[in-house]
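None of these values were measured; they are calculated from a predicted model. Naming convention: chains lettered A, B, ... in sequence-line order (proteins, then strands); numbering from 1 in each chain.
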Amino acid sequence: MAHGGGGQLTQSLIDKLMLAEFDNPALNEKNDSAVLAINSERLSFTTDSYVVNPLFFPGGDIGKLAVCGTLNDLAMSGARPLFLSCGLIIEEGFAIDSLQKIIHSMSHQAKAAGVNIVTGDTKVVEKGKGDGLYINTSGIGVLDTAMSLSPSMLQHDDVVIINGDIGRHGIAIMAQREGFKLEQTLESDCADLSGLVKLLLDSGIDIHCMRDLTRGGLATALIEISTAANKQIMLDETAIAIADPVRSVCEVLGLDPYYVANEGRFISILPSAQAAQALAIMHAHPLGKQAAVIGNVHKGSQAMVTIKNRIGTTRILQLLSGSQLPRIC
Amino acid sequence: MSIQINRKKLQVTGIIQGVGFRPFIYRQASQLALKGWASNTGDGVTVDIEGSPSALEAFIETLQKKPPINSKIESLTITNLPVCGYQQFELRNSAGQQHSMFISPDIATCPACIDELLDPSNRRYQYAFTSCSQCGPRYSIINALPYDRERTAMHTFPLCQACQHEYENPSDRRFHAQTIACPDCGPTVELLTHQGKYLADNITAIKQASAALTKGKIIALKGIGGFQLLANASLQASIEQLRLHKSRPEKPFALMCRDIAQVDTIATPSALEKKLLLSAAAPIVLMDKLIACSTLAEGVAPDNTRIGIMLPCSPLHHLLLRYLPFPLVTTSGNLCNEPICIDNQQALDRLANIADLFLIHNRPILRPVDDSVVQTIHNEATLLRAARGYAPITIKLADNQSAQHPQRPTLAVGGHLKNTFAISNGDYAMISQHNGDLESLESITGFKHNIADLSQLLEYHPELIAHDQHPEYASSHYAKSLHLPTVSVQHHHAHLLSCMAEHAIKPPLLGIVCDGNGLGDNDTLWGGEFFTLDPSSSISRIASLRTFSLLGGAIAIKEPRRSALAILWEYMGDRVFEHTSLAPISAFTEEEKALLQPMLNRRINSPRSSSLGRLFDCVASLLDLCQVSSYEGQAAQRLEQCFAATASDDYYRVLWQQNKELTRFDWQPLLSDIIDDLNNAVPKPLIACKFHNTLVEMMVDMTHKSGQKRVILSGGSFQNRYLSETLIRRLSALDIKVYWQQKLPCNDGGLALGQLLAASNRGTHNVLGNSR
Ligand SMILES: [Fe+3]
Ligand SMILES: [Mg+2]
Ligand SMILES: [Zn+2]
Ligand SMILES: [Zn+2]
């Protein structure tokens, strides 16, 4: 499932089922968070369920993931996170000390971000009806600026900036789950990005769009943005950092790192004139040391994400349709 | 007593435009004192003539029995009309609305034109655009039909008086030759630096280019259907430079030789192979390399016993090669996975890092047409890549496919690699030139452009789109983007139907379709398949290879060692990792094995496959001939070529697993026999030969079991000459009629025609696959 999810199947499920039935302006924006105008305030509201297997992995656990994931979704909408909820679905017989560890890491992560977990719910299901533990978190944040972040803001000549290397989370999780013996342990990049995002927003940089690169990885996030914006995004393969252990696992497994999940990586799309300023801010932050410009937005109105390789040929990144079957005859 | 006069109207269709057909008609009519006229129409030529019954009869007989050499008459309808008293015979201006399904391919320079080119007293001496009514570019320069100069890339070159005179003179070789040109009025050649700086023109440019090649420079040459990159085939440094800049480490290069005598110093062509070299299509012909060949640098075709050779196909090539004592490595002027360049500026932009000099000209190329590739199988010419000299290919569909169920105009978009597309109209299918692999944005853009181009040329509007069942083929994506009804066709069904259509044969029959991969049912990748077709044309898959994992999906295809590991693991389990004396096992690092073991056990990213191509990979890896390949088909080629000199009839055990509906060829006994042979130090060439023989026996055995008397062979695995020829011989000896692909490639370049047929068959039953 490192590839899995976030592909065409999920897309069409959401489009055909949810959007058709629930149909309302906030939902129809199809962002990870809904931005809601209440009186004079603009609030951001999001929810996410976490079903990761294994529950503990190098660089984190499901608790850390559940808090960071929701904080990141709020941050990507340009909001300052304020409150979180916590819903637990626990399989009967789940070890209490494991639960303790997970709850502790949730609280630790929330405190570090300066947010409170203000409401929650706990359900226990029969043994065999859950994989130990599922967590749902919802989050509310407030938008301090009048800035609106959305794919529709994309302009020709904008640059795409990423805050680090890609693929660590997906490969770390997979290695743990499938029992790979790696030469170097690989840690998930799971992290709360809201602090770094706040620095960028406060700096006055005219960010047009941001997206965290979770399920489906860099490729899926950019394809969604490009489709919504009706613009071509062109990436430069040589600019995208991939750690050696990630690269070598991907090579042996035949996985495309551009589609592998991350939990502490995001892209921001902004005018090229402000790229240097954005990079300077990011490079000074622990979560942005490897930040780099990895591509730009092309003129014209063709929704497509392309990636240019070392020798200068260009490949189209497509939404994955379920399993990846080779096309070579 | 008055002389009897009759009048007849002849309507001729086929490849009859651009091949000197009307001048031929004119001469025949004049000789026989027939009066009337002839005219190009959209779909052929119309002749309206009056004369004595015996003259008319003689005229028609010559037309049928001795038409111009490059023409191909598809149909001839004759109607009688009342005499109207024509006074002369004339060629009238072209007219007509209905558009043809026939377009002449480009034709290599004819012997008469070569003579003129080299004759100092001729006014076209050393003129690089010499052509006549029998030769010259056609498909690559046609803007619209019917074929007349004003609708070709030559329309910007008004004829000088001398050329005009030849054009109008019925007794001249260039009577009505649309590509007529001379130094005074035609296109010109220029030599540029890679920065685009002018160096020289015409014969001086050509001579400077020759000199540069001698010194080891790489030249980008604007040929007939696109740019070619040329290098001195006797200079290793030159070849290495070309390989480096083209990112092509090992794949054999083709050669261009100045004449047959030079070919004989490199290879041992058969009579048929020579005939193909000298044919009007002038393709690259694959042939056996001379064992002691000292003229070629090592890097031209490393580890290959076969070599692709072509002869000059245009006056420019003739002039360039004329005085060179060495052959030229000739490869398409493109970057890896991109379409061939056809435009001067585009070539300068894209190829400046590869070529030192650019030998260009000012006659536009209107569509990319790469060089064609042919080999002989069982002493029959067999296309491997259909492009210059062959494309576009028109095939008449058998009656049951179209005539009784007039079908909707259909576009079949073809496969993902070696793409061609096809369109159908009435009784005919037209198959495009080779579009390359649809792996890059540039080649996908080219593919779409070529579809639009042919549609415009033929004024063709498809109503139904056929595509491969694989949803991720770039061609399938395109099919779905058209918002027209679509039919999804299984890859190997398309291969099978393509071969059937080419030979116009009808069921019942057995189809053996073997290749690398194509998407089958249940997300498995097929590639070693046996189908029967009953008289009602319904297809049943009766047998296949036992399946195994493609470890890592697409990367398994690039690394033959992965197929070996996966196949051995199927029956050895994790113990396979202990067999470190086996080449594939020792070809992996410890770190890789630490990942591959859980991958195998947990089937991570490991689709199942019944591919014969991968079984070839497995054996090539076991024999340590190829562990990681750098070009498609490398492992299978090495396996086939390693035993050229070792003839044996021996084979390994052929055993089948009888499942409910499907019989599976079990490769396990075969592999354990091979490993035994390896342990007993049996020479590798002998093992490779026995492996091939086993596959032949397996296919013969299944033919027996099927009870069929006619067998179709298709799929890329049959590019393997030993496999095809041995199988054809064995089956023929058993009185079984064997059909293999000849007019179209048996690889994915032939898929589109099969897709068309599948769409029409299903269309008539109103069962559209995944229609939108
Ligand atoms: Fe195929
Ligand atoms: Mg989310
Ligand atoms: Zn000629
Ligand atoms: Zn002239």
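In this structure, A/Glu251 has no salt bridge (Lys or Arg N to Asp or Glu O under 4.0 Å) partners at least two apart in sequence or on a different chain. With sequence neighbours left out, the salt bridge (Lys or Arg N to Asp or Glu O under 4.0 Å) criterion links B/Asp468 to no other residue.
Evaluation of the salt bridge (charged side-chain N to carboxylate O under 4.0 Å, His left out) test over residues 294-311 of chain A, restricted to residues two or more places apart or in two chains, returns A/Glu237-A/Arg310.
Using a 4.5 Å cut-off between heavy atoms, A/Glu178 contacts chain B through both its backbone and its side chain. Only the side chain of B/His477 has a heavy atom closer than 4.5 Å to any heavy atom of chain A. For B/Leu519, the part lying under 4.5 angstrom from a heavy atom of chain A is the side chain only. For A/Thr313, the parts lying under 4.5 angstrom from a heavy atom of chain B are both the backbone and the side chain.
The greatest number of non-hydrogen atom pairs below 4.5 Å with chain A, out of B/Pro598, B/Ser611, B/Gly415, is found for B/Pro598. Most heavy-atom pairs under 4.5 Å with chain A, from the set B/Ser609, B/Pro471, B/Gly552, B/Ala556: that is B/Gly552.
Proximity to chain A at a heavy-atom threshold of 4.5 Å picks out B/Glu439, B/Ser440, B/Leu441, B/Glu442, B/Ile444 from residues 439-448 of chain B, in numerical order.
Nearest approach of B/Ser247 to A/Ile311, heavy atoms of both residues: OG-CG2, 3.4 Å. Pairing each heavy atom of A/Gly312 with each of B/Arg350, the nearest pair is O-NH2, 3.8 Å. Among all heavy-atom pairs drawn from B/Glu592 and A/Val252, the shortest one is CG-CG2, 3.9 Å.
No more than 12 heavy-atom neighbours from other residues, nucleotides or ligands sit within 6.0 angstrom of NZ on B/Lys251. Heavy-atom contacts from other residues, nucleotides or ligands closer than 6.0 Å to CG of B/Asn353 number 12 or fewer. Heavy atoms of other residues, nucleotides or ligands lying less than 6.0 angstrom from NZ of B/Lys246 number more than 12. Shown here is B/Asn601, whose CG atom has more than 12 heavy atoms of other residues, nucleotides or ligands within 6.0 Å. Residue B/His449 qualifies as open at atom NE2: its count of foreign heavy atoms under 6.0 Å is 12 or below.
Annotation: the span from B/Leu595 atom CG to A/Glu183 atom CD amounts to 10.0 Å, rounded to 0.5 Å. For the atom pair CG (B/Leu596) and CZ (A/Phe180), the distance works out to 9.5 Å, reported to the nearest 0.5 Å. Taken from CG in A/Asn309 to CG in B/Asn337, the straight-line distance is 8.5 Å, to the nearest 0.5 Å.
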